[in-house]
Enquirer: 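There's a structure below that I have some questions on.
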Amino acid sequence: YASAVAQWNSYTDVADWLRSNFKFDHGRLNSILQRTRQNGPSGLLARTAEGTFKQKSGYCTDAAAFAIQSLNQLRPEYAAKYIFIKNRFGQPHHWVAGFMVDGKIMVIDYGASAEWGGMNGVHGPYDSLDQYADFINSLRIARSAAESVEWRGVFPGHQA
């Protein structure tokens, strides 16, 4: 992981790696959903960037953590953080990486399942998270609608 990141120059390199290597893992998602039903938000788990680089799979939070850690290592001015998307239809909710470029919000999301695949990609620039929420809702994905979209500076679960 460290040698790969050392060769990357911008957010496009992070996005390219996720797009080419990361595979959604329904089993991991189901395990995490069960944990959060039992323990609330503290049941969330996210792999470290190194762990995701090695596994090349996971669910949305793993992809978001990978992007955030990688972006902030490349350029601290990206100020990458989690964005939490509360699904109007209940679980699963969704986590993505948000970051700043020239004062505008950008989003990297390569952690959506095939059913929500329209969310995958690099999105932006946006002036506000409301604009990103409008984009998500414009996709008209079954059982997915953004009830709220907000920055989360602190991840409520654990990284391993």
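In this chain, residues are counted from 1 in sequence order.
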Enquirer: Between Val149 and Ala133, which heavy-atom pair has the shortest distance, and what is it?
Expert: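 What the structure gives for the nearest pair is CG2-CB, 3.6 Å.
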Enquirer: Of all the heavy-atom pairs spanning Ala46 and Ala65, show the shortest one and how long it is.
Expert: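 So the two residues come closest at CB-CB, 4.0 Å.
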Enquirer: Report yes or no: does Glu150 contribute a side-chain atom to a donor-acceptor pair with the main-chain N or O of Phe84 at less than 3.5 Å?
Expert: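 Not at all, since once roles are kept as given, no pair shorter than 3.5 Å links the two residues.
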Enquirer: Are Met106 and Tyr11 close enough that some pair of their side-chain heavy atoms sits under 4.5 Å apart?
Expert: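 Yes, close enough: below the 4.5 Å cut-off.
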Enquirer: Can you find a pair of side-chain heavy atoms, one from His26 and one from Ser113, that are under 4.5 Å apart?
Expert: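 His26 reaches Ser113 side chain to side chain.
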Enquirer: Would you say that Gln34 contacts Gln38 through its side chain, given a criterion of any heavy-atom pair below 4.5 Å between the two side chains?
Expert: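 Side chain of Gln34 against side chain of Gln38, heavy atoms only: contact under 4.5 Å found.
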Enquirer: Are Tyr132 and His123 close enough that some pair of their side-chain heavy atoms sits under 4.5 Å apart?
Expert: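 A side-chain contact exists here, since the closest heavy-atom pair is under 4.5 Å.
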Enquirer: Find the distance between CG (Leu29) and CD (Gln91) and round it off to the nearest 0.5 Å.
Expert: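 Rounded to the nearest 0.5 Å, the CG-CD separation comes to 9.0 Å.
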Enquirer: Linking I/L/V/M/F/W/Y whenever any side-chain heavy atoms sit under 4.5 Å apart, do Val122 and Leu139 land together?
Expert: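 Per the 4.5 Å side-chain linkage, Val122 and Leu139 are not co-clustered.
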Enquirer: Show the nearest heavy-atom pair for residues Ala67 and Val14, with the distance to one decimal.
Expert: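 For Ala67 and Val14, the tightest heavy-atom pair comes out as CA-CG1, 3.9 Å.
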Enquirer: May I ask you to check whether Phe66 and Trp17 place their ring centres under 6.0 Å from each other?
Expert: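 Aromatic pair counts; centres sit under 6.0 Å.
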Enquirer: Could you state the interatomic distance from CD1 (Ile83) to CG (Leu129), rounded to the nearest 0.5 Å?
Expert: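 The CD1 atom of Ile83 sits 5.0 Å away from the CG atom of Leu129.
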Enquirer: Using side chain to side chain contact (heavy atoms under 4.5 Å, CB included), reason through Met100 and Ile105 one step at a time and then give a plain yes or no.
Expert: CA-CA 5 Å; Met100 304 303 290; Ile105 300 167; 3.9 Å; yes
Enquirer: Under a 3.5 Å distance rule, please check whether Asp25 uses its side chain to pair with a backbone N or O of Ser57 as donor and acceptor.
Expert: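 No; zero donor-acceptor contacts below 3.5 Å.
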Enquirer: Ignoring hydrogens and angles, tell me if any N or O in the side chain of Thr36 forms a donor-acceptor pair with the backbone of Leu33 under 3.5 Å.
Expert: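 Flag set: sc Thr36 to bb Leu33 pair under 3.5 Å.
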Enquirer: Can you name the nearest heavy-atom pair linking Ala112 to Asn120, along with the distance?
Expert: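 Smallest heavy-atom distance, with atoms named: N-OD1, 3.1 Å.
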Enquirer: Indicate, with yes or no, if Phe135 and Phe89 share a hydrophobic cluster defined by side-chain heavy-atom contacts under 4.5 Å among Ile, Leu, Val, Met, Phe, Trp and Tyr.
Expert: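 Different hydrophobic clusters.
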Enquirer: Ignoring hydrogens and geometry, is there a side-chain-to-backbone donor-acceptor pair from Ser42 to Asn39 under 3.5 Å?
Expert: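 Yes; judged by distance alone, with no hydrogens or angles, the pair exists.
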Enquirer: Quick one: does Asn87's side chain have a donor or acceptor within less than 3.5 Å of a partner on Ala145's backbone?
Expert: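 Indeed, once roles are kept as given, a pair shorter than 3.5 Å links the two residues.
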Enquirer: Measuring from Ser144:OG to His93:NE2, what's the distance to the nearest 0.5 Å?
Expert: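 One finds 11.0 Å between OG of Ser144 and NE2 of His93.
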Enquirer: Walk me through whether Tyr59 and Ser31 qualify under side chain to side chain donor-acceptor pair (under 3.5 Å).
Expert: CA-CA 10 Å; Tyr59 75 119; Ser31 173; over 6 Å; no
Enquirer: For the CD atom of Glu115 and the CZ atom of Arg143, what is their distance to the nearest 0.5 Å?
Expert: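 Rounded to the nearest 0.5 Å, the CD-CZ separation comes to 7.0 Å.
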Enquirer: Any heavy-atom pair between the side chains of Ile141 and Met119 that's under 4.5 Å?
Expert: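 Counting from C-beta outward, Met119 and Ile141 do come under 4.5 Å.
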Enquirer: Starting at CD1 of Ile108, measure out to CZ of Arg19 and round the result to the nearest 0.5 Å.
Expert: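 It comes to 10.5 Å.
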Enquirer: Any chance the rings of Phe155 and Tyr82 have centres within less than 6.0 Å?
Expert: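 For Phe155 and Tyr82, the ring centres are under 6.0 Å apart.
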Enquirer: Got a donor-acceptor contact below 3.5 angstrom from the Asn30 side chain to the Gly27 backbone?
Expert: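 Absent.
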Enquirer: Can you check whether Ile68 reaches Phe99 side chain to side chain, under 4.5 Å on heavy atoms?
Expert: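 Ile68 vs Phe99: side chains apart.
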Enquirer: Does any part of the side chain of Ile136, heavy atoms only, come nearer than 4.5 Å to the side chain of His94, both counted from C-beta?
Expert: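 No, their side chains stay 4.5 Å or more apart.
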Enquirer: Quick one: pull up NZ in Lys81 and CZ in Arg152 and give me the separation to the nearest 0.5 Å.
Expert: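 One finds 13.0 Å between NZ of Lys81 and CZ of Arg152.
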Enquirer: Applying side chain to side chain contact (heavy atoms under 4.5 Å, CB included), run through Gln55 and Thr52 and close with a yes or a no.
Expert: CA-CA 5 Å; Gln55 292 287 324; Thr52 297; 5.8 Å; no
Enquirer: Would Gln159 and Arg47 count as a side chain to side chain contact (heavy atoms under 4.5 Å, CB included) if you check the C-alpha gap in whole Å, the side-chain angles of each, and the deciding distance to 0.1 Å?
Expert: CA-CA 5 Å; Gln159 287 206 308; Arg47 287 192 180 114; over 6 Å; no
Enquirer: Do Val96 and Leu71 share a hydrophobic cluster, counting only Ile, Leu, Val, Met, Phe, Trp and Tyr and linking them when any side-chain heavy atoms are less than 4.5 Å apart?
Expert: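 Different hydrophobic clusters.
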Enquirer: Under the 3.5 angstrom rule, does the side chain of Arg88 hit a backbone N or O of Ala146 as a donor-acceptor pair?
Expert: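 Between the backbone of Ala146 and the side chain of Arg88 there is a qualifying donor-acceptor contact (under 3.5 Å).
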Enquirer: With the side chain counted from C-beta on, respond yes when Tyr1 and Thr48 share a heavy-atom pair under 4.5 Å apart, and no when they do not.
Expert: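 Side chain of Tyr1 against side chain of Thr48, heavy atoms only: no contact under 4.5 Å found.
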Enquirer: Using only atom types and a distance under 3.5 Å, with no angle test, would you say the side chain of Arg75 pairs donor to acceptor with the backbone of Asn9?
Expert: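 At least one qualifying donor-acceptor pair exists.
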Enquirer: Is there a path of hydrophobic side-chain contacts, each under 4.5 Å between heavy atoms, that joins Val107 and Trp116?
Expert: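 Shared cluster, yes.
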Enquirer: I'd like to know if Leu74 and Tyr110 are part of one continuous hydrophobic network [Ile/Leu/Val/Met/Phe/Trp/Tyr, side-chain heavy atoms within less than 4.5 Å].
Expert: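 In one cluster: yes.
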Enquirer: Using modelled atom types and a 3.5 Å cut-off, is there a donor and acceptor pairing between side-chain atoms of Asp62 and backbone atoms of Ala64?
Expert: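 No: the side chain of Asp62 does not pair with the backbone of Ala64.
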Enquirer: Given 3.5 Å as the limit, does a donor-acceptor pair link the side chain of Asn72 with the main chain of Ala80, or not?
Expert: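 The answer is yes, because a donor-acceptor pair under 3.5 Å joins these two groups.
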